[in-house]
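Values below: every heavy atom of this structure, side chains too, minus hydrogens, waters and symmetry copies. Atoms within a ligand are numbered from 1 in the order they appear, just like the ligands themselves.
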Amino acid sequence: MSFSHALRCRECDREYALAPIFSCEFCFGPLEVAYDYEEIAANTTRETIEAGPTTLWRYANLLPCDLEYKVDIGTGFTPLIKADRLAKAIGLDTLWVKNDTVNPTWSFKDRVVSVAIARARQFGFEAMACASTGNLANSVAAHSAAAGMDCFVFIPDDLEQGKVVGSGIYDPTLVMIEGSYDDVNRLCTEVASVRPWAFVNINVRPYYAEGSRTLGFEIAEQLGWRTPDHVVAPMASGSLYTKIWKGFQEFHKVGLIDEPKTRMSGAQAAGCSPIATAYEAGTLNFVPQKPNTIARSLAIGNPADGYYALKTMEETGGGAAMVTDDEVIEGIKLLAETEGIFAETAGGVTVACLKKMVETGHIARDEESVAVITGGGLKTIEAVADKVSEPLRIPARLEDFDSALAARAEQSTTGTPKPAVPAGV
Ligand SMILES: *Cc1c(COP(=O)(O)O)cnc(C)c1O
Ligand SMILES: [Zn+2]
């Protein structure tokens, strides 16, 4: 059973009954789920969590919905991998990769949707909807299919094929908007006010956002009930980034871990970097941007949680970085070639920003770090399709194989492009 008891305004602290609402009537501040942490502490130990399912539902006591409404397609409890080869390549002593590419629809969005759809069912909604940069649409469509609910997903018209087909396959009503994500979101806010649907990132956003905390819970549990020195996570609306930190703090509040000292850093693509740009300018007030980057899953020009992300940077002594699209591709390749993990563009943003923050000294060599890899690479195959080495195309004869191999060896000593992984790693 859930220990959430109210929604609370993040700005003025006014409380509201749990309902499908998202902003304060008095100050228009965003609403956040409030919990009874004493009750959670009294009912939750490391052992009760460890005895739970190997999904995010092991943290049910900290989620804002009752278990009987869950739609469980296996989200969460993804691997935390010791990334020694990547660490060496970028100059860190200890690095872990939180591999959220292995979720049911290959992105961390399954976490937020699992929680949002459970709460929507508890409220009695019969249809799910969302405004999406791609991954959220995939996840809402999949979970709605599994629950037998109607589904309406809205996406911009410039998305990768993997993300369009990756929604269509679950047979939702898929609406493609001629415009950017920010246009999609504006339309959806209007639709949400007249249709009786649960828009996961609009009217049920307070519950949706709570799902991201499970990524923080898992990092702490998988490190042996402690937090790392540094976390680097990608930022679109800034929600995931802030909720990982909230998850660490709550684990401490209910007595599961020591006080977290983690520095939290955020990663953006230069072509859509309102939060990182504000960080560099030393302000908590970002200026919205018109996105232009291959990292489409992060292309939110007017980020709903941008202000709170900047506050989290200030509070934790973290920061933010931004990288070019070329660096994003190098980041995808570096992760794949060192750790065997094929990430989408958002993962390339995270790895490239991590590398940059080590180079600039923002992250020290001896800081134990975690890179949050949020989506799988087969969804954004266009980004790297012509950046990988050509196959050796030969007839099925041994001598052709031998001569092709010799020719390839010859070629690689005479100036083919520099590999992403430095020699000796
Ligand atoms: C949505 C998304 C993010 C970040 O989302 P926030 O809006 O900042 O919570 C990161 N990576 C991927 C792959 C995503 O789809
Ligand atoms: Zn308020």
Side-chain angles (χ1 to χ4, degrees), residues 7-16 21-32 98-103 105-113 116 130-140 155 159-160 162-163 166-167 181-182 185 200-201 205-206 208-216 232-246 264 266-269 272-276 291 293-306 308-310 312 320 328 332 343-351 353 371-380 383:
L7 292 175
R8 185 181 298 135
C9 174
R10 281 174 89 160
E11 290 305 315
C12 74
D13 283 339
R14 268 194 183 78
E15 289 201 353
Y16 296 82
I21 52 174
F22 61 101
S23 77
C24 178
E25 285 173 19
F26 292 89
C27 76
F28 302 105
L31 303 181
E32 196 174 37
K98 181 60 172 163
N99 184 11
D100 249 28
T101 71
V102 300
N103 275 308
T105 71
W106 308 285
S107 91
F108 102 94
K109 288 297 197 303
D110 290 325
R111 296 179 183 277
V112 283
V113 173
C130 69
S132 174
T133 57
N135 285 320
L136 186 61
N138 296 173
S139 185
V140 171
I155 54 176
L159 289 189
E160 303 90 346
K163 294 206 178 139
S167 286
Y181 171 79
D182 299 286
N185 194 43
V200 299
N201 51 348
R205 185 175 176 90
Y208 151 101
E210 294 299 279
S212 289
R213 294 142 66 241
T214 61
L215 206 153
V232 179
M235 301 184 294
S237 71
S239 179
L240 167 67
Y241 165 84
T242 57
K243 293 290 180 175
I244 294 172
W245 175 238
K246 187 183 178 205
M264 296 291 306
Q268 292 203 300
C272 183
S273 56
I275 307 175
T293 169
I294 57 168
R296 298 204 170 86
S297 56
L298 303 181
I300 297 184
N302 191 6
D305 287 290
Y308 298 104
L310 288 156
T312 299
V328 173
I332 294 173
E344 71 140 87
T345 46
V349 170
T350 299
V351 170
C353 283
V372 179
I373 303 301
T374 47
L378 289 176
K379 291 205 209 186
T380 62

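- Counting heavy atoms closer than 4.0 Å to ligand 1, residue Lys243 contributes nothing at all.
- Taking CG from Leu159 and CZ from Arg296, the interatomic distance works out to 7.0 Å, rounded to the nearest 0.5 Å.
- Under a 3.5 Å cut-off, the side chain of Ser107 and the backbone N or O of Asn103 do not form any donor-acceptor pair.
- Looking at Phe108 against ligand 1, only its side chain comes within 4.0 Å, counting heavy atoms.
- At distances below 3.5 Å, at least one donor-acceptor pair connects side-chain atoms of Asn138 with backbone N or O atoms of Lys163.
- Protein heavy atom nearest atom 11 (N) of ligand 1, with residue, atom name and distance: Thr374 OG1, 2.7 Å.
- With Thr214 contributing its side chain and Gly211 its backbone, the two residues share a donor-acceptor pair below 3.5 Å.
- At least one test fails for Arg205 against the ring of Phe22: distance under 6.0 Å to the centre or angle within 45° of the axis.
- Polar contact with ligand 1: absent for Ser107 (N/O pair, distance under 3.5 Å).
- Side-chain atoms of Glu344 come within 3.5 Å of backbone N or O of Ala346 as a donor-acceptor pair.
- Around the Zn ion (ligand 2), protein atoms of type N, O or S found under 2.8 Å number 4.
- For atom 1 (C) of ligand 1, the closest non-hydrogen atom on the protein side is Lys109 NZ, 1.3 Å.
- Looking at Glu11, its side chain never comes within 3.5 Å of a backbone N or O of Cys27 through a donor-acceptor pair.
- Note on ligand 1: Pro234 sits in its first shell, one or more heavy atoms being nearer than 4.0 Å.
- Among protein heavy atoms, atom 9 (O) of ligand 1 sits closest to Leu240 N, 2.8 Å.
- Annotation: the span from Glu15 atom CD to Arg8 atom CZ amounts to 4.5 Å, rounded to 0.5 Å.
- Under the 3.5 Å distance criterion, the side-chain polar atoms of Lys246 are left unmatched by any main-chain donor or acceptor of Ser212.
- Side-chain atoms of Tyr16 come within 3.5 Å of backbone atoms of Glu25 as a donor-acceptor pair (strictly under, hydrogens ignored).
- The line from NZ of Lys109 to CG of Asn201 is 9.0 Å long, rounded to the nearest 0.5 Å.
- Checked against a 3.5 angstrom limit, the closest N/O atoms of Met235 and ligand 1 fall outside it.
- Remark: ligand 1 and Ser237 share an N or O pair separated by less than 3.5 Å (distance only, no angle test).
- Atom CG of residue Leu215 and atom OG1 of residue Thr374 lie 9.0 Å apart, to the nearest 0.5 angstrom.
- Under 4.0 angstrom from ligand 1, there are no non-hydrogen atoms of Asp305.
- Among Gly375, Ser239, Ala209, Ala236, the residue whose heavy atom lies nearest to atom 5 (O) of ligand 1 is Ala236.
- Looking at ligand 1, you'll find an N or O of Asn135 within less than 3.5 Å of one of its N or O atoms.
- Proximity of a side-chain donor or acceptor of Glu160 to a complementary backbone N or O of Lys379 within less than 3.5 Å is not detected.
- With ligand atoms numbered from 1 in the order given, ligand 1 contributes 3 (C), 10 (C), 11 (N) to contacts under 4.0 Å with heavy atoms of Leu298.
- Remark: ligand 1 and Ser297 share no N or O pair separated by less than 3.5 Å (distance only, no angle test).
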